[in-house]
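Since the structure comes first, as structure tokens, the remarks are kept for the end.
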Amino acid sequence: MPITIIKGTIVSAPALGELEITENGYLVSEDGIITGVFPALPERYAGAEVEDCGDALILQSFADLHLHAPQYPMLGMGMDLPLLDWLNAYTFPTEARFADPDYAREVYRRLARELIEGGTTRVCMFSSLHREATLILMEELERAGVTGYVGKVNMDRNGLPPVLQEETEESKRETLLWLDQCRDFRHIKPILTPRFTPSCTDGLLDFLGKLAAERGLPVQSHLSENTGEIAWVKELHPDCGQYWETYAKYGLWNGRTLMAHCVWSDGRERAAMREAGVTVVHCPDSNQNICSGVAPVRAMLKEGLKVALGSDIAGGDHLNMFDVTAAAIRASKARRILDDWGTDFLTVAEGWYLGTSAGAAFFGERPGFAPGNPLHALVLEDRDLPRPHPMTPQERLERCVYRRQKNALRAVWSAGRKVYSAEL
């Protein structure tokens with residue numbers, strides 16, 4: 001790839017709660033890899049083309065570490081039931097439609113473009129249990145410029161038989177065939193995806209754990225989202241003292257594991273996540289929408305857990321990660337009230353870190369625009385918004401988290417490639 005030089009007001013999140021700001025600075029990458037952020041352009045780049053974005057904000061693009069692609073058509077609907085009823089009434093019938101490849105292609109092409117147009121360039125995503133639809137999803141994400149992981153869902157019990165439930169041997173066979181068929185994708189890779197413990201028999205979980213170890217594959221699932229779910233897991237696995245043990249005993253619990261929600265994870269379960277290196281994916285919108293609760297994110301951060309953000313569509317009603325970041329901050333304020341004002345809520349800088357650098361860490365990246373990272377960036381224009389006084393870059397970022405002008409996003413780079421552009 002050629003040298004890419006982007007000039008503007010550069011803001012990144014090098015650590016939780018910190019912003020690194022370079023006004024009138026230059027973000028430079030070579031062959032898609034960041035070489036640095038500079039207040040003045042180094043002499044070695046003299047004569048190279050510069051994309052001058054004026055005073056626009058140059059920001060890290062987002063990493064959305066938990067979302068359900070086949071729930072995209074029901075975004076913003078069906079929010080009148082708690083989790084387990086919601087799955088049976090709305091989610092499973094919607095996901096069953098993805099047995100139709102043409103339908104899958106139409107939906108997933110639109111989803112992929114909306115992700116890029118919202119500045120999300122890295123994902124960890126659930127497909128449905130349909131192998132062909134999962135491959136179509138991977139194709140459309142790759143075509144649009146999204147990077148990350150997609151998982152064919154495994155579920156051989158408590159689904160919607162016969163349209164959304166597999167036989168155990170069928171699930172194993174389809175998973176192996178899917179893994180063979182997705183080897184040639186460059187930017188979208190497979191992640192093993194047991195939907196959650198109630199959807200998978202012991203034999204299937206055991207198979208997936210061994211497969212993860214044999215092939216070095218990451219894992220994603222759900223944990224302690226809802227009190228009814230936790231009680232159900234206890235009935236299914238009376239030998240396990242806590243929910244997390246149902247994954248750990250089958251080898252699905254390590255530093256390449258993502259666990260979404262963790263709303264009701266107590267100190268012992270959180271300690272198990274910290275010790276194993278499991279990443280918590282906080283999904284504030286869906287936790288509220290389907291009445292699951294408010295996750296103790298501040299406690300998790302203080303205890304040293306890895307925490308990132310997920311839109312969790314369609315339990316979450318916003319795909320745009322600016323909105324998810326704002327929701328995470330609001331949720332932390334609700335948690336502070338529930339904790340009788342005993343915990344601090346998230347600042348904007350902390351929320352921004354969780355939506356960008358914390359998620360990027362799952363892909364092996366260092367925080368912020370660190371040299372050596374692939375270039376994942378966006379350009380955000382805010383000049384049409386009112387300026388009540390001369391605003392600092394911090395103030396501009398805060399306002400853009402909560403409010404953006406029409407057509408604010410002007411350009412997006414993903415893994416060094418410019419994948420979206422509007423006239424500046």
Side-chain angles (χ1 to χ4, degrees), residues 5-29 34-40 53-65 118-122 282 284 297-298 300-302 306-309 320-333 344-363 365-383 385 387-405 408-413:
I5 304 174
I6 316 166
K7 183 177 184 290
T9 300
I10 303 169
V11 183
S12 66
L16 181 69
E18 296 181 16
L19 295 177
E20 188 171 90
I21 296 168
T22 307
E23 297 187 68
N24 297 310
Y26 299 82
L27 172 60
V28 181
S29 73
I34 294 171
T35 57
V37 173
F38 306 99
C53 302
D55 192 36
L57 295 169
I58 301 171
L59 308 170
Q60 296 164 262
S61 59
F62 293 108
D64 186 345
L65 294 201
T120 297
T121 60
R122 286 157 294 196
H282 177 42
V297 172
R298 177 61 69 192
M300 293 173 178
L301 294 171
K302 284 186 175 180
K306 295 185 287 188
V307 182
L309 297 186
N320 192 298
M321 291 293 288
F322 282 101
D323 298 323
V324 175
T325 299
I329 297 166
R330 291 190 187 100
S332 71
K333 294 177 179 179
D344 295 331
F345 55 78
L346 295 174
T347 65
V348 170
E350 288 174 322
W352 187 259
Y353 178 88
L354 297 182
T356 56
S357 294
F362 189 74
F363 303 96
E365 298 177 29
R366 294 161 56 203
F369 284 130
N373 283 351
L375 177 62
H376 286 272
L378 59 86
V379 176
L380 197 74
E381 182 56 75
D382 64 344
R383 59 189 166 190
L385 294 175
R387 299 224 175 179
H389 54 262
M391 296 175 67
T392 66
Q394 294 97 320
E395 290 175 316
R396 294 170 62 194
L397 174 64
E398 177 178 8
R399 183 166 64 175
C400 287
V401 166
Y402 291 101
R403 183 185 180 213
R404 291 166 300 284
Q405 70 182 45
L409 195 69
R410 310 307 295 167
V412 178
W413 285 262

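The first residue in the sequence is number 1, and the count goes up from there.
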**Prompt:** Going through the distances and angles, do Leu354 and Leu16 end up as a side-chain contact (heavy atoms from CB on, under 4.5 Å)?
**Reply:** CA-CA 8 Å; Leu354 297 182; Leu16 181 69; 4.3 Å; yes
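- Counting all heavy atoms, side chain and backbone alike, Gly119 lies closest to Ser61 at O-CB, 3.2 Å.
- Note that the OH atom of Tyr402 and the CG atom of Asp323 stand 11.0 Å from one another [nearest 0.5 Å].
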**Message:** Please evaluate residues Gln60 and Ser357 with respect to the criterion side-chain contact (heavy atoms from CB on, under 4.5 Å), reporting the C-alpha separation (whole Å), side-chain torsions for both, the decisive distance (0.1 Å), and the verdict.
**Reply:** CA-CA 8 Å; Gln60 296 164 262; Ser357 294; 2.9 Å; yes
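- In this structure, Ile58 CD1 and Thr9 OG1 are separated by 7.5 Å, a value rounded to the nearest 0.5 Å.
- Between Thr121 and Trp413, the shortest heavy-atom distance links the atoms CG2-O, 3.8 Å.
- Residue-environment remark: CZ (Phe345) stays at or below the threshold of 12 foreign heavy atoms within 6.0 Å.
- Taking all atoms of both residues into account, the shortest heavy-atom contact from Met321 to Ala63 is CE-O, 3.7 Å.
- Shortest non-hydrogen contact noted between Pro371 and Gly36 is CG-CA, 4.3 Å.
- For the salt bridge (charged side-chain N to carboxylate O under 4.0 Å, His left out) with Asp382, the lone residue among Arg403, Arg404, Arg387 that qualifies is Arg387.
- To the nearest 0.5 Å, atom CG of residue Leu59 and atom CG of residue Leu409 are 9.0 Å apart.
- Looking only at distances, no side-chain donor or acceptor of Thr325 sits under 3.5 Å from a matching main-chain atom of Val401.
- Counting only heavy atoms from C-beta outward, the side chains of Glu395 and His389 approach each other to under 4.5 Å.
- Aromatic ring orientation, Phe322 versus Trp352: tilted (interplanar angle from 30° to 60°).
- Heavy atoms from other residues, nucleotides or ligands lying under 6.0 Å from CD of Gln405 number more than 12.
- Counting only distance, with no hydrogens or angles, the side chain of Arg410 and the backbone of Val379 share no donor-acceptor pair below 3.5 Å.
- Note: Phe362 CZ to Lys306 NZ = 8.0 Å, rounded to the nearest 0.5 Å.
- Checked by atom type and distance alone, the side chain of Thr35 pairs as donor or acceptor with a backbone atom of Val28 at under 3.5 Å.
- Looking at Glu365, its side chain never comes within 3.5 Å of a backbone N or O of Pro374 through a donor-acceptor pair.
- Not a single donor-acceptor pair under 3.5 Å links the side chain of Asn373 to the backbone N or O of Ile34.
- Side-chain contact between Ile21 and Leu397 is absent, with no heavy atoms from C-beta onward closer than 4.5 Å.
- The two residues Val324 and Pro284 make their nearest non-hydrogen contact at O-CG, 3.8 Å.
- Residue Arg399 holds its CZ atom at 4.0 Å from CE of Met391, rounded to the nearest 0.5 Å.
- The distance from the OG1 atom of Thr22 to the NZ atom of Lys7 is 12.0 Å, given to the nearest 0.5 Å.
- Scanning all heavy atoms of the two residues, the minimum distance from Pro367 to Ala13 falls at CB-O, 3.7 Å.
- Side-chain contact between Cys400 and Leu57 is present, with heavy atoms from C-beta onward closer than 4.5 Å.
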**Request:** Please assess Phe62 against Thr356 for the test side-chain contact (heavy atoms from CB on, under 4.5 Å), listing each intermediate value before the final yes or no.
**Result:** CA-CA 5 Å; Phe62 293 108; Thr356 56; 4.0 Å; yes
